[in-house]
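Taking it in order: structure first as C-alpha cells, then the write-up.
Reckoned from all heavy atoms, side chains included, excluding hydrogens, waters and symmetry mates. Computed from a predicted model, the values in this text were never measured in an experiment.
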Amino acid sequence: MRPPARPPWCSPSLQPIQTNHAPLPGAEHYSLEEAGNKLHLDAQIRQFRADGNDVAVSFGGQRGQDLSIACHDAAALADAYGTVISRYGLDVLDLDVEGSSAEPSAMRLRAEAVSRLQAGRPDGQPLQVWLTLPVTRSGLDSDGKNSVEAMLAAGVDVAGINIMTMNFGPLENGVSMLAASRQAAEATHQTLQQLYSQAGMPADSAQTWRRIGLTPMIGDNDVRGNTFTLDDAAGLNSFAVEHGVGRLSLWSINRDTGCTIQEEWQRPSSHCSGIDQDTGDFANELSRGFTDSS
C-alpha cells in the first residue's frame with residue numbers, strides 16, 4: 001500500500017533572510033521551486049559551496065506555521081524535512097523552537113520525525129541536529145528544557161543547543177548585553193549537564209560547552225535598552241573561544257551594517273544594526289580566532 005499523500009499544508013516553504021533579488025509581489029515565503037526559479041537559490045548554494053563554504057537550513061521560528069503543527073504524523077513531518085534535506089544536500093538541520101512549535105505534542109512529533117531521519121541516513125553521512133531556543137539570563141525556560149528532553153528521549157543525537165542571547169528584557173544599570181549573555185550561557189551549560197545526565201548520557205564540562213551555540217541579535221534588539229555593541233561582540237567572542245563553545249552566530253548578516261538616514265526611523269531595522277559601524281564589523285569581531293564551522 002502507498003503511504004497517504006502529504007497534505008498541502010504540510011509542505012515546506014522558504015523565507016530567505018537576505019537576497020539580492022526582489023521578492024515575489026505580496027509574498028514573504030517561497031516554495032522550493034519558486035526559490036530556485038525566482039531567487040536562484042539552488043545556483044547560489046552551488047556557488048557558495050564551490051567557494052569552500054557550506055549551508056544549513058533552519059526550520060521554525062516565530063513567523064509562519066511550523067511544520068510540526070501542520071503535519072499530521074511523524075512520517076509526514078520527516079518527509080517534509082527530508083524534501084528540503086534532499087534538495088539542498090544538507091548535513092546540518094537546525095530547528096528553531098518558539099511559540100506554538102513548543103507545544104508538547106509538537107515537541108514529541110518533531111523528535112520522532114528527526115529520529116527517523118537520522119536512522120535513515122547512509123553510513124558515514126550523519127545528520128547533525130541543532131536546536132535553536134530562546135533563553136533568559138537564568139538559562140533555558142521550561143519549553144526549552146522540554147524540547148531538549150523530548151529529543152533525547154526519542155534517541156536523537158543532538159549536536160548542540162543554540163541559544164538566542166537577545167531580548168533579555170529590562171537590564172539593571174551597568175548590566176551589559178555581554179554580561180547578560182554570559183549569564184545565560186553559564187546557566188544553560190549547567191542545565192544541559194543535568195538534562196544529559198538524566199538521559200543517561202553524562203558529559204564533562206568541556207563536552208557540554210561544545211554542545212552550546214550562542215547567537216546574539218547585533219545592535220538594537222527588539223527590547224528597548226537592549227543594544228548589543230561591538231564591544232559586547234568582542235567580549236562574547238573571547239568568552240566563546242575561552243570556553244570552547246561549539247557555535248557562534250549572529251542575527252543577522254543583513255543587519256551587519258550601519259543605517260542610512262532613511263532607515264533611522266525604524267528601530268530595530270531588519271536591514272541595519274542601528275549603531276555606528278562599518279559593514280561586516282560584527283561578523284569580524286565574533287569570528288576572530290573562532291575556527292569551528294559546525
Side-chain angles (χ1 to χ4, degrees), residues 17 58 60-63 94-102 130-148 160-195 208-209 211-259 266-277 281-283 285-287 290:
I17 295 175
S58 181
Q62 285 189 326
R63 302 182 66 180
D94 180 87
L95 300 167
D96 185 345
V97 184
E98 303 178 62
S100 62
S101 66
W130 280 77
L131 294 177
T132 290
L133 303 173
V135 73
T136 70
R137 290 164 64 183
S138 300
L140 298 176
D141 61 14
S142 58
D143 286 340
K145 295 174 186 176
N146 292 339
S147 294
V148 177
I161 311 300
N162 175 41
I163 58 174
M164 293 182 278
T165 55
M166 58 185 78
N167 297 328
F168 287 111
L171 298 175
E172 300 90 339
N173 288 338
V175 176
S176 66
M177 288 293 286
L178 171 60
S181 298
R182 289 175 59 116
Q183 291 171 1
E186 289 165 349
T188 299
H189 178 272
Q190 183 176 1
T191 297
L192 290 181
Q193 286 204 294
Q194 295 170 351
L195 293 178
T208 303
W209 279 117
R211 289 185 173 131
I212 291 177
L214 305 174
T215 300
M217 181 174 180
I218 58 176
D220 287 335
N221 281 217
D222 298 304
V223 175
R224 185 178 295 275
N226 283 197
T227 301
F228 188 83
T229 68
L230 286 168
D231 285 342
D232 292 331
L236 192 64
N237 168 267
S238 297
F239 177 86
V241 171
E242 176 186 353
H243 288 78
V245 165
R247 171 177 287 183
L248 192 56
S249 310
L250 59 83
W251 182 265
S252 56
I253 192 65
N254 46 300
R255 298 185 71 245
D256 195 4
T257 188
C259 297
Q266 184 181 1
R267 296 292 185 91
S269 169
S270 60
H271 303 292
C272 57
S273 67
I275 70 168
D276 184 18
Q277 66 157 108
D281 276 352
F282 278 101
E285 289 294 345
L286 289 169
S287 64
F290 193 84

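In this structure, Val97 and Asp143 have side chains that are not in contact, with every pair of non-hydrogen atoms separated by 4.5 Å or more. Put simply, the side chain of His189 does not reach to within 4.5 Å of the side chain of His243, judged on heavy atoms. At a threshold of 4.5 Å between non-hydrogen side-chain atoms, the residues Leu171 and Asn226 count as touching. Using a 4.5 Å heavy-atom cutoff, the side chains of Trp251 and Met164 are not in contact.
Formation of a donor-acceptor pair under 3.5 Å by the Asp220 side chain with backbone atoms of Thr227 is not found in this model. Side chain of Asn221 to backbone of Val223: no donor-acceptor contact under 3.5 angstrom is found.
Looking at Asp96 and Ser58, their side chains never bring a donor and an acceptor atom within 3.5 Å of each other. No hydrogens or angles considered: nothing links the side chains of Asp231 and Thr229 as a donor-acceptor pair under 3.5 Å.
Rounding to the nearest 0.5 Å gives a distance of 11.5 Å between CD1 of Ile163 and OG of Ser249. Taken to the nearest 0.5 Å, the CZ atom of Phe228 stands 12.0 Å off from the CE atom of Met217. The OG1 atom of Thr188 sits 9.5 Å away from the NZ atom of Lys145 when rounded to the nearest 0.5 Å. Note that CG of Leu286 and CG of Leu248 are 5.0 Å apart. Values are rounded to the nearest 0.5 Å. Atom CZ of Arg255 is separated from atom NE2 of His271 by 10.5 Å, given to the nearest 0.5 angstrom. Separation of atoms CZ (Arg211) and CD1 (Ile161) is listed at 9.0 Å; rounding is to 0.5 Å.
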Evaluate side-chain contact (heavy atoms from CB on, under 4.5 Å) for Gln277 paired with Asp256, printing each intermediate quantity in order. CA-CA 8 Å; Gln277 66 157 108; Asp256 195 4; 2.9 Å; yes
Assess the residue pair Val148 and Leu133 against the criterion (side-chain contact (heavy atoms from CB on, under 4.5 Å)); give the C-alpha distance rounded to whole Å, side-chain angles, the decisive distance to 0.1 Å, and a yes or no. CA-CA 10 Å; Val148 177; Leu133 303 173; 4.0 Å; yes
Carefully, step by step, assess Leu230 and Phe282 under the rule side-chain contact (heavy atoms from CB on, under 4.5 Å). CA-CA 6 Å; Leu230 286 168; Phe282 278 101; 3.8 Å; yes
Under the side-chain contact (heavy atoms from CB on, under 4.5 Å) criterion, do Ser273 and Thr257 qualify, and how do the steps go? CA-CA 6 Å; Ser273 67; Thr257 188; over 6 Å; no
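Pairing each heavy atom of Gly61 with each of Glu98, the nearest pair is CA-OE2, 3.8 Å. Contact detail for Cys259 and Gly274: the closest heavy-atom pair is SG-N, 3.3 Å. Here the closest non-hydrogen pair linking Phe290 and Gly246 is CZ-C, 4.2 Å. When every heavy atom of Thr165 is checked against every heavy atom of Ser181, the shortest pair comes out as CB-OG, 3.6 Å. The heavy-atom pair separating Ala283 from Ile253 by the smallest distance is CB-CD1, 4.4 Å. The shortest heavy-atom contact between Asp222 and Pro268 is OD1-CG, 3.3 Å.
Thr215 pairs with exactly one of Leu250, Thr132, Val135, Asn162 by the side chain to side chain contact (heavy atoms under 4.5 Å, CB included) rule, that one being Asn162. When each of Asn237, Leu214, Leu236 is checked for a side chain to side chain contact (heavy atoms under 4.5 Å, CB included) with Val245, only Leu214 meets the rule.
Other residues, nucleotides and ligands contribute over 12 non-hydrogen atoms within 6.0 Å of the CD atom of Gln194.
The aromatic rings of Trp209 and Phe239 sit perpendicular to each other, their planes meeting at more than 60°, with 30° as the lower class boundary.
Salt bridge Arg137/Glu186: absent, no basic N to carboxylate O contact under 4.0 Å.
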